[in-house]
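Remarks on the structure that follows.
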Amino acid sequence: PLVTSVITRFSSEEETKRLRWRPVVYAILEQAPNIEDVLKKLKDVIRPMSWSGSLADLLEQRAALLQEFYEHDNENVQSWARNRYTELQEDIKYARECERKREERHRIQDERFE
């Protein structure tokens, strides 16, 4: 878990901008004595502490990381990824709704100003 918390866990592909787990993450999952602690650290990195732009868009990008684990050799990793992906879809839905409401408020304020 400590190593997982200090390494760069994923990177973006140059051409597609798609996020990918770095190979070291797979190595850690293979060798970790307590895989649940490692998965907790990975969960923390999926949801950012700060961001700019659309949170929903960012979460959608990161959700693709979870799909990479759907075929992992360890069934616990597969199950964790599927469950977290489902949770993340709810987070995305909520973030989209908040963004829509914020845009509506701004539109109304702009109309009042004119």
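Inter-residue side-chain proximity for V45 and F10 is flagged as met; some heavy-atom pair is nearer than 4.5 Å.
The list of ring pair (Phe, Tyr, Trp, His ring centres under 6.0 Å) pairs with a residue in residues 30-64, not counting sequence neighbours, is empty.
Salt-bridge annotation for R100 and E97: present, with a side-chain N of the basic residue lying under 4.0 Å from a carboxylate O of the acidic one.
Between the side chain of R62 and the backbone N or O of L19, no donor-acceptor pair lies under 3.5 Å.
Here S54 pairs with A56, D57, R96, E99 under the side-chain contact (heavy atoms from CB on, under 4.5 Å) rule; sequence neighbours left out. With sequence neighbours excluded, the residues that form a side-chain contact (heavy atoms from CB on, under 4.5 Å) with A64 are R18, Q67. In this structure K40 satisfies the side-chain contact (heavy atoms from CB on, under 4.5 Å) test together with D37, sequence neighbours excluded. Applying the side chain to side chain donor-acceptor pair (under 3.5 Å) test to E90 and every residue at least two apart in sequence or in another chain returns nothing.
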Inset, instruction - Assess whether side chain to side chain contact (heavy atoms under 4.5 Å, CB included) is satisfied between E87 and K43, documenting all intermediate values. - result: CA-CA 11 Å; E87 292 171 8; K43 180 180 179 181; 4.0 Å; yes
Inset, instruction - Let me see the working for L29 and L39 under side chain to side chain contact (heavy atoms under 4.5 Å, CB included), right down to the final yes or no. - result: CA-CA 8 Å; L29 287 171; L39 294 174; 4.0 Å; yes
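Going from atom CG of N83 over to atom CD of Q78 covers 11.5 Å, rounded to the nearest 0.5 Å. To the nearest 0.5 angstrom, I46 atom CD1 is 4.5 Å from L66 atom CG. Expressed to the nearest 0.5 Å, how far CZ of R47 lies from CG of L58 amounts to 9.5 Å. Rounded to the nearest 0.5 Å, atoms CG (L59) and CD (Q89) are 9.0 Å apart.
Cluster annotation: Y94 is not connected to L88 through the hydrophobic network of ILVMFWY side chains, with a link wherever side-chain heavy atoms come within less than 4.5 Å.
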Side chains of residues 68-77: which donor-acceptor pairs under 3.5 Å do they make with residues two or more places apart or in other chains?
unit_1	atom_1	unit_2	atom_2	d
E68	OE1	Y26	OH	2.9
E68	OE2	R20	NH1	3.4
H72	ND1	N74	N	2.9
N74	OD1	N76	N	2.6
N74	OD1	V77	N	3.4

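Pairing each heavy atom of W80 with each of L42, the nearest pair is CH2-CB, 4.0 Å.
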